[in-house]
Chemist: 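Sharing a structure, written as structure tokens. Questions coming.
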Amino acid sequence: MRTRDLKFGLYADEQGLVWVRGLVEDAVGSQGSQGSRGSGGSRGVRRARVVGETVVRNLPGSELSIADAYDFLAEQWAVEHPGESSGTRQPLELHVRLACSLRTWRAIRKTVIRTLCPEGTGPHTCRVPWSAY
């Protein structure tokens, strides 16, 4: 298995960051084990695992700050929550390194994105404004 990265730009406070981490863990867990359904696979073979995680609050070696890179997420929050304080929310980037196949990485990424804002494509409010790379 190769290592692959998930990167999410977020506008979150600590509670929101914990929530997003949980979404990633749940998505990895749903891809976690491959059972033996007549395919010759052995029970308990891991299809994906988290091998590292970093929360980036500053972009090292760049003139662009995280706040500049994700200023549109703060704007999204302000539009979706008029008159509400953003509290301790701040732009940040969550990097999660996974050991998995490309197919599994795509499935995990799709699941996380779908659960970050599950209301569909109509107008709605995201709990944590986000961007994925």
Side-chain angles (χ1 to χ4, degrees):
M1 281 190 279
R2 288 188 52 199
T3 57
R4 301 175 191 284
D5 294 323
L6 291 174
K7 289 185 182 181
F8 296 100
L10 306 170
Y11 186 63
D13 53 15
E14 277 305 311
Q15 184 180 3
L17 180 58
V18 167
W19 178 70
V20 174
R21 283 176 167 150
L23 295 179
V24 173
E25 289 172 12
D26 290 348
V28 170
S30 73
Q31 294 292 319
S33 294
Q34 180 177 353
S36 57
R37 296 187 182 152
S39 63
S42 60
R43 285 198 172 278
V45 174
R46 298 286 298 168
R47 292 181 60 200
R49 64 186 165 85
V50 175
V51 295
E53 178 192 286
T54 307
V55 176
V56 179
R57 299 179 197 280
N58 299 306
L59 291 173
S62 174
E63 291 181 23
L64 190 65
S65 71
I66 289 286
D68 292 334
Y70 296 112
D71 62 344
F72 63 95
L73 296 176
E75 292 171 17
Q76 178 183 339
W77 172 266
V79 168
E80 292 179 350
H81 301 86
E84 286 185 44
S85 168
S86 61
T88 60
R89 286 174 185 81
Q90 62 181 338
L92 54 93
E93 200 169 73
L94 176 63
H95 295 205
V96 181
R97 182 161 287 252
L98 304 172
C100 62
S101 68
L102 181 58
R103 175 177 280 173
T104 299
W105 176 86
R106 286 179 177 154
I108 291 168
R109 184 176 184 275
K110 184 177 180 179
T111 298
V112 173
I113 289 171
R114 186 175 54 245
T115 55
L116 275 168
C117 232
E119 288 84 7
T121 58
H124 59 277
T125 302
C126 293
R127 179 173 172 178
V128 172
W130 61 276
S131 181
Y133 297 96

Chemist: Could you tell me which non-hydrogen atom of Ile108 sits nearest to which non-hydrogen atom of Ala48, and how far apart they are?
Modeler: CD1-CB, 3.7 Å
Chemist: For Val20 and Leu10, which heavy atoms make the closest approach, and how far apart are they?
Modeler: CG1-CD1, 4.0 Å
Chemist: Kindly state each residue pair satisfying salt bridge (Lys or Arg N to Asp or Glu O under 4.0 Å) with at least one member in residues 59-69, sequence neighbours excluded.
Modeler: none
Chemist: Which heavy atom of Thr111 sits nearest a heavy atom of Ala27, and at what distance?
Modeler: CG2-CB, 3.8 Å
Chemist: Quick one: side-chain contact (heavy atoms from CB on, under 4.5 Å) partners of Ala67, sequence neighbours excluded?
Modeler: Ser65, Pro91
Chemist: Only pairs under 3.5 Å count here: list side-chain donor-acceptor contacts from residues 92-103, not counting sequence neighbours, and write none if there are none.
Modeler:
residue: Glu93; atom: OE1; partner: His95; partner atom: NE2; Å: 2.6
residue: Glu93; atom: OE2; partner: Tyr70; partner atom: OH; Å: 2.2
residue: Arg97; atom: NE; partner: Asp5; partner atom: OD1; Å: 3.1
residue: Arg97; atom: NH1; partner: Thr3; partner atom: OG1; Å: 3.0
residue: Arg97; atom: NH2; partner: Asp5; partner atom: OD1; Å: 3.2
residue: Arg97; atom: NH2; partner: Asp5; partner atom: OD2; Å: 3.0
residue: Ser101; atom: OG; partner: Thr104; partner atom: N; Å: 3.1
residue: Ser101; atom: OG; partner: Thr104; partner atom: OG1; Å: 3.0

Chemist: Who are the side-chain contact (heavy atoms from CB on, under 4.5 Å) partners of Glu75, not counting sequence neighbours?
Modeler: Asp71
Chemist: Are Val51 and Val56 connected into the same hydrophobic cluster when the rule is that any two of I, L, V, M, F, W, Y join if their side-chain heavy atoms are below 4.5 Å apart?
Modeler: no
Chemist: Taking atom CZ of Arg114 and atom CG of Leu23, what is their separation to the nearest 0.5 Å?
Modeler: 11.5 Å
Chemist: Of all residues at least two apart in sequence or in a different chain, which pass the salt bridge (charged side-chain N to carboxylate O under 4.0 Å, His left out) check with Glu14?
Modeler: Arg57
Chemist: Check side chain to side chain donor-acceptor pair (under 3.5 Å) between Thr54 and all other residues, then give those that pass, not counting sequence neighbours.
Modeler: none
Chemist: Over all heavy atoms of both residues, which pair between Ala132 and Ile113 is shortest? Give the atoms and the distance, please.
Modeler: CB-CD1, 3.8 Å
Chemist: Using salt bridge (charged side-chain N to carboxylate O under 4.0 Å, His left out) as the criterion, list what pairs up with Arg21, not counting sequence neighbours.
Modeler: Glu53
Chemist: Say you draw a straight line from CZ of Arg89 to CD of Glu84; how long is it, rounded to the nearest 0.5 Å?
Modeler: 7.5 Å
Chemist: If every non-hydrogen atom of Trp19 is compared with every non-hydrogen atom of Leu116, which pair is closest and at what distance?
Modeler: CH2-O, 3.6 Å
Chemist: Return the CD to OH distance between Gln76 and Tyr11, rounded to the nearest 0.5 Å.
Modeler: 11.0 Å
Chemist: Measure the OG1-CZ distance between Thr115 and Arg127 for me, rounded to the nearest 0.5 Å.
Modeler: 11.0 Å
